[in-house]
Amino acid sequence: MSLWKLALLIALFNLMTFGNGPVMIPLLQTHLVNGAGVLTEDQLLYAFTIARVTPGQANFYVASIGYMLYGMPGAVLATLAIMLPGYAMIPLLNGYEHLRYSTWIKGFTKGLTVTSVGLILAAVVQIARGALTQPIAWVVLLATLVMTQLLKWNILVALAVACCLGLLLKWLL
Amino acid sequence: MKKDEDRRQRGGDTARLTRGELFSIFFKAGLAFGGGLGILAVLEDELVSKRRAVSKEEFLTIYGIGRVVPSGTMTALAIAYGYKFGGMLGTVIALAALALPAFVLTIILTVAYHYLRNSRLFELIPVTIMPAALALIVVAALKLGKDVFRPSRELAVACAAFALALFPRLNPALILLAGGVLGAFALRNVEEKKDVDAKEVGK
């Protein structure tokens, strides 16, 4: 896979998902991890985690993927690939009245969102089957889910606690 | 106070922003945690409440348009306000300011990964960051589907997508497009009270 092909893929996925970060995960997993085999699952997950713990837009993890594969040029091109389609905003600012009442577009984005919930969960199952080989990993996964979803802890805190828990269990067992 | 009153009387025309202000507002927004909603909160505070550079209605309208643009919504907002206050150059300033904090931090942490990879610590990733990251992805999906998880047409579509991706291993891109088209026909009349948050979760 060349640098340009990577940028093109990211631009395409970004367009298809309306720039939604998590929704791109199944697409990237299928094409970069399983398909082309240029990225490992570790790398994809690490990149996604970075975006969750840094400020700013969460779809910036593509910059991390770009950097992993092609260094700085990869990071810059990947970022441009997700930002440039935003320029569609300028013509839309004038033609908004048509869009405002377009239930078709609303339905389309609704359909995308709903479909992506299923796709993201499917990607998680696929990754988990290959990646979570140790019982400790499952404990850490469940603990993180409880901390973020039920206890509503801050992501940074939850992540730090989860990592410590993993280290502790590994050291004890 | 008096000034604001005057300004409103002159036909609702609002304050102008210099390029420096544009940069500092979007840089501040780019430092916000919490993805899209975090950024949106900063922008609302700076543009509407503090500086009165944008009216509340206009802010909401621009947000509404930003959501249908095929890029991150916050990217779209940076371009809209950059253009409004500084033309094409303004879009570059606003985008650069918004992207800078996330970009720099992302690169630093990615470089850290390279070092990690060559160290013995790397063996610990499968029991630490990796499962935690998977949990975060699950959480993102759950938030995205706030109103998916009750008996509804949405739930049926989400389940179908899940099954099709897992068993015949259809390409997710195709499933996604099919879901969008299906949504345009079947979900266009569904009430969307909460989907303001839904799309922003990922940003």
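A quick note: this is a predicted structure, and the numbers were derived from the prediction, not measured. These numbers come from the heavy atoms of this one structure, side chains and all, not from hydrogens, waters or symmetry mates. Chain letters run A, B, ... following the sequence lines, proteins first, then strands; residues in each count from 1.
Neither the backbone nor the side chain of A:L165 has a heavy atom closer than 4.5 Å to any heavy atom of chain B. For a residue to count as touching a neighbouring chain, one of its non-hydrogen atoms must lie under 4.5 Å from one of that chain's; by this rule A:F48 touches chain B with the side chain only. Heavy-atom distances place no part of A:M24 under 4.5 Å from chain B, backbone and side chain included. For A:I25, the part lying under 4.5 angstrom from a heavy atom of chain B is the side chain only. Interface residue A:T30: only side-chain heavy atoms are found under 4.5 Å from chain B. Interface remark: A:S116 contributes backbone and side-chain atoms alike to the contact with chain B (heavy atom separation under 4.5 Å). Heavy-atom distances place both the backbone and the side chain of A:L121 under 4.5 Å from chain B. For a residue to count as touching a neighbouring chain, one of its non-hydrogen atoms must lie under 4.5 Å from one of that chain's; by this rule A:I82 touches chain B with the backbone only. At a 4.5 Å heavy-atom cutoff, the contact between A:V125 and chain B is made by side-chain atoms alone.
Heavy-atom pairs under 4.5 Å with chain B peak, among A:G35, A:A162, A:S64, A:G66, at A:S64. Here A:V124 is the residue among A:T49, A:V124, A:V139 with the most heavy-atom pairs under 4.5 Å with chain B. Of the listed residues (A:K170, A:Q43, A:Q29), the one with the most heavy-atom contacts under 4.5 Å to chain B is A:Q43. Put simply, of B:L100, B:I107, B:L77, the one with the most heavy-atom pairs under 4.5 Å next to chain A is B:I107. Your options are B:L95, B:L105, B:L109, B:L31, and the one with the most heavy-atom pairs under 4.5 Å with chain A is B:L109.
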Run the side-chain contact (heavy atoms from CB on, under 4.5 Å) check on B:I25 and B:Y81 step by step: do they pass?
CA-CA 11 Å; B:I25 291 171; B:Y81 293 117; over 6 Å; no
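Ring planes of B:F103 and A:F60: perpendicular class, angle over 60° (limits at 30 and 60°).
Under the 4.0 Å criterion applied to side-chain N and carboxylate O atoms, B:E44 and B:K50 are not assigned as salt-bridge partners.
The structure places CD1 of A:I65 at 11.0 Å from CG of A:L9, a figure rounded to the nearest 0.5 Å.
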